[in-house]
There are 2 protein chains.
Amino acid sequence: MLLDAETALADAPPGHKDEVRLWLRLLTCTNLIEAEIRRRLRAEFDTTLPRFDLLAQLERHPGGLTLGEISRRMMVSNGNVTGLAARLEEEGLVERRVSATDRRAQSLRLTARGRKEFARQSAAHEGWVAELLGGLSLVEREALQRLLGRAKASVRAGLQEGGA
Amino acid sequence: MLLDAETALADAPPGHKDEVRLWLRLLTCTNLIEAEIRRRLRAEFDTTLPRFDLLAQLERHPGGLTLGEISRRMMVSNGNVTGLAARLEEEGLVERRVSATDRRAQSLRLTARGRKEFARQSAAHEGWVAELLGGLSLVEREALQRLLGRAKASVRAGLQEGGA
DNA sequence: GAAAAATAGTTGAAGCCTAAACTATCCGCA
DNA sequence: TGCGGATAGTTTAGGCTTCAACTATTTTTC
């Protein structure tokens, strides 16, 4: 994955469409932030972004979530969640319980330790993001939020067409 | 100790700091586009994004690049490039040559077939991106480009501080 | 000129991720 | 009741990615 696709493309001959330049800049921004967050999660908490994301899902749903629900919310495959859940369970941060009404399904929830650990990570994470994006004014952040919303809508529309 | 019970990832319920909501939307946008591009590269060309990115680097440098240069430009590890290069060589899309002046180094360049294949992929890629982002007006795209530039600058500034 | 430091690249272990094939269970329906 | 299709999750094979340890070579330094 190109961390700085834009720089890489800097000396590319013109002829790329406008949209490609926009896409590369979007990718660059995201990758810069994501790489830094991964690095800090690893350095300060010895964990990874996927693990953090999974804990965040559970935090939002104290009643527990099935593996399938997690997989849909995180937009990753089922098999992926199987592995993540196994590691988090081994670390004692989450626990599984087989559903009373459906013996195929099992729901995951945070353990007390998981809740406590995630709270620490989450607070730090919030600070990191605020620090990294803090150079933007409130007005800029709002404009960006709105435009990214438009971009998201555009992409989803594009997916509809192709996948129909 | 900060205990923010509202904090979570994915599609951002309220309670997050402004910046986190912005970050999550940025991430969602990028992931949507990236997943679709990966899917199409796989479906239509039986290849992957990292392979495509590596070919793109070589395309821009017809004189060849050493593995180390590629690794720096793509901002990935050395070992990563070793593996990618091995697969691309096996597919006959790139060729290696040991440097005449430094027996440690070897430069990679596109084969004729690699050049031809990349041209096909690149044209398709450009079309996909244009299609996915085509729902934005020119004005919106320009505004987004500018704001993302600002965001990038903010992040780089944030990295300086932390990493100094 | 030889030891030491730096550089180019490879390898191995481990985690993340997917698609596809598989098992187990549930549900609808005749 | 029993069959067939849907659903929940696991497994497997393979690619991507990193870090750390390693080999080979070059450069620096004394």
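All chains are named by letter (A, B, ...) in the order of the sequence lines, taking the proteins before the strands, and each is independently numbered beginning at 1.
Residue contacts for A/S71: at a heavy-atom cut-off of 4.0 Å it reaches no nucleic acid atom on any strand shown. B/G68 comes within contact range of the sugar-phosphate backbone alone, with a heavy-atom separation under 4.0 Å but no base atom that close.
The side chain of B/R72 contributes no N or O atom lying less than 4.0 Å from OP1 or OP2 of C/dT7. In terms of phosphate contacts, B/R103 brings no side-chain nitrogen or oxygen within less than 4.0 Å of OP1 or OP2 of D/dA24.
The distance between atom CZ of B/R40 and atom C1' of C/dA19, rounded to the nearest whole Å, is 19 Å. Taking atom CZ of residue B/R38 and atom P of nucleotide C/dT18, one finds them 9 Å apart after rounding to whole Å. Straight-line distance from the CD atom of B/E90 to the P atom of D/dG15: 9 Å, rounded to whole Å. Rounded to an integer number of Å, the gap from B/L88 CG to D/dG15 P is 12 Å. Rounded to a whole Å, the CG atom of A/L84 is 9 Å from the C1' atom of C/dG15. Between B/M75 atom CE and D/dT17 atom P there is a gap of 14 Å when expressed in whole angstrom units. Following rounding to the nearest Å, B/L65 (CG) and C/dG9 (P) show an atom-to-atom distance of 11 Å. One atom, CD of A/E91, and another, C1' of C/dG15, lie 12 Å apart when rounded to the nearest Å.
For the pair B/E142 (side chain) and B/V139 (backbone), a donor-acceptor distance under 3.5 Å is absent. When atom types are taken as modelled, the side chain of B/R141 and the backbone of B/L136 share a donor-acceptor pair closer than 3.5 angstrom.
The side chain of B/N80 approaches D/dT18 more closely than any other nucleotide in the set C/dT10, D/dT18, D/dG15. You'll find that the side chain of A/T66 is closest to D/dG9, out of C/dG9, C/dT18, D/dG9. Taking every side-chain heavy atom of B/L67 into account, C/dT10 is the closest of C/dT10, C/dG15, C/dA8. The listed nucleotides are D/dT25, D/dG9, C/dC17; the one nearest the side chain of A/P50 is C/dC17. Considering only side-chain atoms of A/T48, the nucleotide from D/dT10, C/dG15, C/dG9 that sits closest is C/dG15.
Projected onto DNA chain D by closest heavy-atom contact, A/D102 and A/R42 fall at different nucleotides, the more 5' of which corresponds to A/D102. The nearest heavy atom of DNA chain C to A/V76 and to B/E69 marks one nucleotide each, and the one closer to the 5' end goes with B/E69. Mapped onto DNA chain D by nearest heavy atom, B/S77 and B/R104 fall at different nucleotides, with B/S77 at the one closer to the 5' end.
Across A/K152 and B/T28, no two heavy atoms sit closer than the pair CD-CG2, 3.8 Å. Nearest heavy atoms, A/L22 versus B/Q145: CA-OE1, 3.1 Å.
With 3.5 Å as the limit, one finds no donor-acceptor pair spanning the side chains of B/R73 and B/Q57.
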